[in-house]
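Below you'll find the structure, written out as structure tokens, and then a few comments.
These numbers come from the heavy atoms of this one structure, side chains and all, not from hydrogens, waters or symmetry mates. Below, chains carry the letters A, B, ... as their sequence lines are ordered, and counting in each starts from 1.
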Amino acid sequence: HRPLVQYILHLADTALILGHRNSEWCGHGPVLEQDIAISNIALDMVGQARMLYQYAAEIVNTTNVGTAATEDTLAYLRDATAFKNLLLAEQQNGDWAVTILRQFFCSTWQYYVYTQLAECKDARLTEIAAKALKEVTYHIKWSAEWVIRLGDGTEESHQRLVQALELLWPFTGEMFIPVAYEKEGIAEGWAAHIQSLQQPWLQKITEIFQEACITVPERQWQQTGGKTGIHTELLGFLLAEMQFLQRAYPDSEW
Amino acid sequence: HRPLVQYILHLADTALILGHRNSEWCGHGPVLEQDIAISNIALDMVGQARMLYQYAAEIVNTTNVGTAATEDTLAYLRDATAFKNLLLAEQQNGDWAVTILRQFFCSTWQYYVYTQLAECKDARLTEIAAKALKEVTYHIKWSAEWVIRLGDGTEESHQRLVQALELLWPFTGEMFIPVAYEKEGIAEGWAAHIQSLQQPWLQKITEIFQEACITVPERQWQQTGGKTGIHTELLGFLLAEMQFLQRAYPDSEW
Amino acid sequence: MANLTNEEVFQDKVDQEIRIEPKDWMPEAYRQTLIRQISQHAHSEIIGMLPEGNWITRAPSLKRKAILLAKVQDEAGHGLYLYSAAETLGITRDQMYEQLHSGQAKYSSIFNYPTLTWADVGAIGWLVDGAAIMNQVPLCRNSYGPYARAMVRVCKEESFHQRQGFEILLTLSRGTEAQRNMAQDAINRWWWPSIMMFGPGDEASPHTAQSMRWKIKRFTNDELRQKFVDICAEQVKILGFTLPDEELKWNDASGHYDFGAIDWTEFNNVIRGNGPCNKQRLDARRKAWNDGAWVREAAMAHTEKRKNRMAAAEAAA
Amino acid sequence: MANLTNEEVFQDKVDQEIRIEPKDWMPEAYRQTLIRQISQHAHSEIIGMLPEGNWITRAPSLKRKAILLAKVQDEAGHGLYLYSAAETLGITRDQMYEQLHSGQAKYSSIFNYPTLTWADVGAIGWLVDGAAIMNQVPLCRNSYGPYARAMVRVCKEESFHQRQGFEILLTLSRGTEAQRNMAQDAINRWWWPSIMMFGPGDEASPHTAQSMRWKIKRFTNDELRQKFVDICAEQVKILGFTLPDEELKWNDASGHYDFGAIDWTEFNNVIRGNGPCNKQRLDARRKAWNDGAWVREAAMAHTEKRKNRMAAAEAAA
């Protein structure tokens, strides 16, 4: 079950790390209502991560008798090279434009991934995906509206959105390039066929970008590595903060 | 020997945390020569911290048979509430004005403290202080020159220095208020008599401020707590980063 | 009725426990008192997000992270209800922010203390939310309708938060020695500031009588404080910790716990801006507000554009 | 001698291993080649501070922290020597910065890779500094005096850094399994980029001949690369790790190690700005430069003020 576990961790880590970044906004948002909205998305992300980690832990514990993996050992006791989240998820919040665009890209990806998983051959993943799908549908709506608002807002907001796009675009390609464990999953029917998702993803992005008066970048070089544990320099710092208590006070109940 | 150990840790922690903050500039300084200078001060601070931690570890190990304290267990395996550094040392770098002023305040304090310790009743502290004194003398000179340069530079630099002063001044009072372990040390002759140092410290500050065209603030409310482990919210984040590897990979040689 | 003044009609309603609504006549002093109190309360929710928010990224388990995130988000929601209630009295949210950022408006001093360990999150839930509830429950029956209704929603969530805080401390109390020390230390630091949340003693609280007559207030500061002490003195036993007050002990005669003298110098100091985090808290809020300016402008500009486009489309049709 | 052209006198000196000094006549192409090469080298030192600097605050022991800090500081020093050497050729440091920040000037592509674990600090010391030394030692004898003298100082420190890097890996190799994995992973990631540090193969390196005639270069890229591979292939055995090249093996006939084909597509991609950290590195330097503008202005303004005051005092005397 190793590839399946890796795949679940890839989904879980992406949700957790993106949730972590969003949660950094809590108390610091540009508008009170949006502070609530972004925290809410963070909460949804953490919730999805938990369901996925719990499932991964069960498989691990069933496969390797004697191990006691839990959602928390998986989240708190792996170092950066074991994390499999999309590089996009770990990018810094930057300004509101970066946060919004990161969310829009990720949510749209999650939407198509979960839509496929909701019909996949793994019953548990089907369940989780169906549940997550409802939340993600709202996340796309919310972030797309903000993309439009910023792109078609003031000159400054348009400029900031364009800069955010420049920063984040090279991290989107990774979404649609399957790594080893995904290929196995695609073959066995428990992973989303991500190559086929690039087109609908791009279409949705293009559609919203049109309303936002910005253009989809030309094909360009893309960063990869997140799914196999080769991250940007940012993840190590994020984990140092996130994991501190579990690391400093091992074997404690919280 | 508990009060002596606490006192040594107070000096060591202050040096380490200040060194840590300064080291954050390495590679990001405003002028290449000053990048080197601030890194050099960071290096001196870490060096002083090491001498002090080594001494503290020796006492601990001698007193409590079976313990294996080292400079690294003391630096890396204590949580924030056990750290005894001045609150001033943990304040964020902010801009160059904050960093410079923080250094000037701390170095001037260290200068007077080490001057007294160089003649105290504890032979080992005498040695360490004498060695540190040479470095600290240069740090005062360097930071004082920068205080003058910023205060008597452009309108912007003057304004920034004034803001830095507003931010940092409430953290200076703690330097001269002895806590329990210091009082014992003062009585026994192995700690600096810090109350008597406030006057010369203030005089040095006043002198440089005059050249820098800024004024020493009126008496005002002062923060305390650092020496007894009650810190600002900043220290926890600093330690999470600093201690990550030691925490994540316990019992390893590096 | 024709002979009654506005003032008398108003007080009569209040006396009969009929809610005052936004369109009703009310004394200007009543309105101003409410604006001050409700906006102060709203600001407290918003500033109150910061100390606990400080631990969201470091919460020690995913479950705790989710609970804490939801809690801090609830506080934002409370801020929202309360700003809306205050707006019914003729002040805008931006005006209230302006008062907060300029230092003119107050917020609860408790949030000027730092959260230094994870246990502080527990202590805030148990003690700070506990004290808040004690203050707030009577406000559910206060005379101003929008405020009373907002408070009903707030109180429901707050008591939930308090239980969560207590549960954090309970878990720590059953944990390692380091965890127990962490929890006791947090209680030691938060106890006295919590006690002070009820405000000055009755003898130093000149507005209490008027507020009680208007039914904005229903108990005096000291009454509520005593009730809080009585409850905490019992609950702390369940935790197996102690409250940092050597004079705390049961008094058979009064049927209450006696407790030590409050250090009002500290209280006044923190109120005057000299708490450990006053500057940090306000700076954080000002920064959020200033950094968000371009976002709010963009949203407004976009709404305007849409409106114009729709108007143009209609005109063309 | 009277019949010799400037060009001939110059080449004669070079051939006789007499150093060219700033005031000597030199061909414009020689000057431009040197400016490009020295400034590129200086930029590499400055950008090179960033990947390792990334681990200063997280170094796993105080000793390692001090060593790393000193090392990164040394790199700043190297940058300083080299900028000074370039300045003797008639370009200012600010002009060189401007070229760096605008993306016009290059720096060593190796620094566009991220440092992801502590072991990367070891791998950079061993491999990257190792490759750098291989390139740099011959430069100590290059024909331009200021550059050659700067390189003597640089090389002395670099070999020290390389030993420190090797020692980090050696310690990890004797450590826990996690540490050994960390080290092998770092070697895997840094090996090929290090190999590429010697630049394109000789057949694709058109300027080599001219540079060798001018004695700016003394060995071809491939010669140096082979030497580096030969040394590393031996040293990695001491570490008990492997180099990520299945074709690496000793060739009795050539007396060298054979090694696999280099992925020049990646090399060219990174040079074109598509490395994992190109944007991050340049952004960090631009930010440092822009954030520091007011500091540099203040320093200049202050110097000016002092000068004026001294002049006024003298005039008054």
Side-chain angles (χ1 to χ4, degrees), chain B residues 16 19-40 42-43 46-47 49-50 53-54 70-72 74-76 95-97 100 145-146 148-158 160-161 238 241-246 248-254, chain D residues 42 46-70 72-77 79-80 83 93 97 117-118 168 171-172 174-176 178-179 182 284-285 287-306:
Chain B
L16 178 63
H20 181 102
R21 283 296 189 211
N22 285 341
S23 79
E24 292 172 356
W25 276 105
C26 187
H28 308 274
V31 189
L32 190 49
E33 285 82 349
Q34 303 310 327
D35 198 310
I36 295 175
I38 192 87
S39 301
N40 208 44
L43 208 45
V46 174
R50 292 185 66 190
Y53 283 133
Q54 284 161 12
T70 67
E71 57 177 62
D72 288 328
L74 293 173
Y76 289 96
D95 62 11
W96 190 246
I100 286 296
E145 278 170 7
W146 267 106
I148 295 168
R149 222 170 264 142
L150 297 183
D152 187 25
T154 61
E155 204 171 308
E156 178 178 2
S157 69
H158 181 86
R160 283 176 183 262
L161 186 64
L238 186 155
E241 183 175 326
M242 183 175 97
Q243 299 179 337
F244 180 74
L245 280 174
Q246 284 270 353
Y249 303 92
D251 304 318
S252 305
E253 287 293 315
W254 298 97
Chain D
I46 299 308
I47 297 275
M49 296 171 74
L50 299 173
E52 290 174 283
N54 192 37
W55 284 90
I56 291 172
T57 57
R58 293 178 291 173
S61 76
L62 294 178
K63 186 179 135 203
R64 293 291 176 204
K65 189 190 283 282
I67 291 175
L68 180 56
L69 191 48
V72 180
Q73 195 202 24
D74 281 349
E75 285 162 10
L80 214 50
Y83 283 128
R93 208 203 290 181
Y97 278 147
T117 71
W118 170 251
I168 287 176
T171 307
L172 293 175
R174 294 167 179 163
T176 64
Q179 288 178 306
M182 199 185 271
R285 285 308 311 168
K287 183 174 189 313
W289 184 249
N290 294 336
D291 289 357
W294 70 271
V295 178
R296 295 188 301 274
E297 280 161 25
M300 280 193 300
H302 180 71
T303 307
E304 195 64 24
K305 279 183 183 176
R306 286 185 86 101

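Between the side chains of D/Glu297 and B/Thr154, not a single donor N or O lies within less than 3.5 Å of an accepting N or O.
Put simply, the side chain of B/His28 never gets that close to the backbone of D/Ala288: no donor and acceptor are under 3.5 Å apart. Within the 3.5 Å criterion, the main-chain N or O of B/Glu253 finds a donor-acceptor partner in the side chain of D/Gln179. The main-chain N or O of B/Gly27 is found under 3.5 Å from a side-chain atom of D/Arg285 such that the two form a donor-acceptor pair.
Contact annotation for B/Ala75: only side-chain heavy atoms (C-beta onward) come within less than 4.5 Å of a heavy atom of chain D. Contacts between B/Asp152 and chain D at a heavy-atom distance below 4.5 Å involve backbone atoms as well as side-chain atoms. Looking at D/Arg174, neither its backbone nor its side chain comes within 4.5 Å of chain B, counting heavy atoms on both sides. Residue B/Ala49: no heavy atom, backbone or side chain, is found under 4.5 Å from chain D. For chain D, the nearby part of B/Tyr76 is the side chain; its heavy atoms alone come within less than 4.5 Å. Using a 4.5 Å cut-off between heavy atoms, D/Ile46 contacts chain B through its side chain alone, with no backbone atom that close. For a residue to count as touching a neighbouring chain, one of its non-hydrogen atoms must lie under 4.5 Å from one of that chain's; by this rule B/Ile100 does not touch chain D. For B/Trp146, the part lying near chain D is the side chain, with the backbone staying farther off; criterion is any non-hydrogen pair under 4.5 Å. Heavy atoms of D/Leu50 lying under 4.5 Å from chain B belong exclusively to its side chain.
Ion pairing between a basic and an acidic side chain is recognised when a charged N comes within 4.0 Å of a carboxylate O; D/Lys65 and B/Glu71 show no such pairing.
Comparing D/Gly292, D/Ala76, D/Ala301 by how many heavy-atom pairs each has under 4.5 Å with chain B, the most go to D/Ala76. Listed options D/Met49, D/Arg58, D/Glu52, D/Gln73 were ranked by heavy-atom pairs under 4.5 angstrom with chain B; first place goes to D/Gln73. Contact count against chain B (heavy-atom pairs under 4.5 Å) is highest for D/Arg93 among D/Arg93, D/Lys287, D/Arg306. Counting heavy-atom pairs closer than 4.5 Å to chain D, the top-ranked of the candidates B/Val31, B/Leu238, B/Leu43, B/Val46 is B/Leu43. Counting heavy-atom pairs under 4.5 Å between each of D/Glu75, D/Lys305, D/Glu304, D/Met300 and chain B puts D/Lys305 at the top. Counting heavy-atom pairs closer than 4.5 Å to chain D, the top-ranked of the candidates B/Asp35, B/Ile36, B/Asp95 is B/Ile36. Among D/Ala66, D/Ala178, D/Gly53, D/Gly175, the residue making the largest number of heavy-atom pairs under 4.5 Å with chain B is D/Ala66.
Here D/Pro60 pairs with B/Leu245, B/Trp254, D/Arg64, D/Trp118 under the side chain to side chain contact (heavy atoms under 4.5 Å, CB included) rule; sequence neighbours left out. B/Glu156 is linked by a salt bridge (charged side-chain N to carboxylate O under 4.0 Å, His left out) to B/Arg160, counting only residues two or more places apart in sequence or in another chain.
Separation of atoms OH (B/Tyr249) and CG (D/Leu172) is listed at 10.5 Å; rounding is to 0.5 Å. We find the OG1-CZ distance between D/Thr57 and B/Arg21 to be 10.0 Å, quoted to the nearest 0.5 Å. The distance from the CG atom of D/Leu69 to the NE2 atom of B/His20 is 11.0 Å, given to the nearest 0.5 Å.
By the 4.5 Å heavy-atom criterion applied to side chains, B/Asp251 and D/Thr176 are not counted as neighbours. Residues B/Arg50 and D/Lys63 have side chains in contact (heavy-atom distance under 4.5 Å, counting atoms from C-beta outward). Within the 4.5 Å cutoff, the side chain of D/Val295 has no heavy atoms near those of the B/Gln34 side chain. Residues B/Trp96 and D/Asp291 have side chains not in contact (no heavy-atom distance under 4.5 Å, counting atoms from C-beta outward).
When every heavy atom of B/Asp72 is checked against every heavy atom of D/Ser61, the shortest pair comes out as OD2-CB, 3.2 Å.
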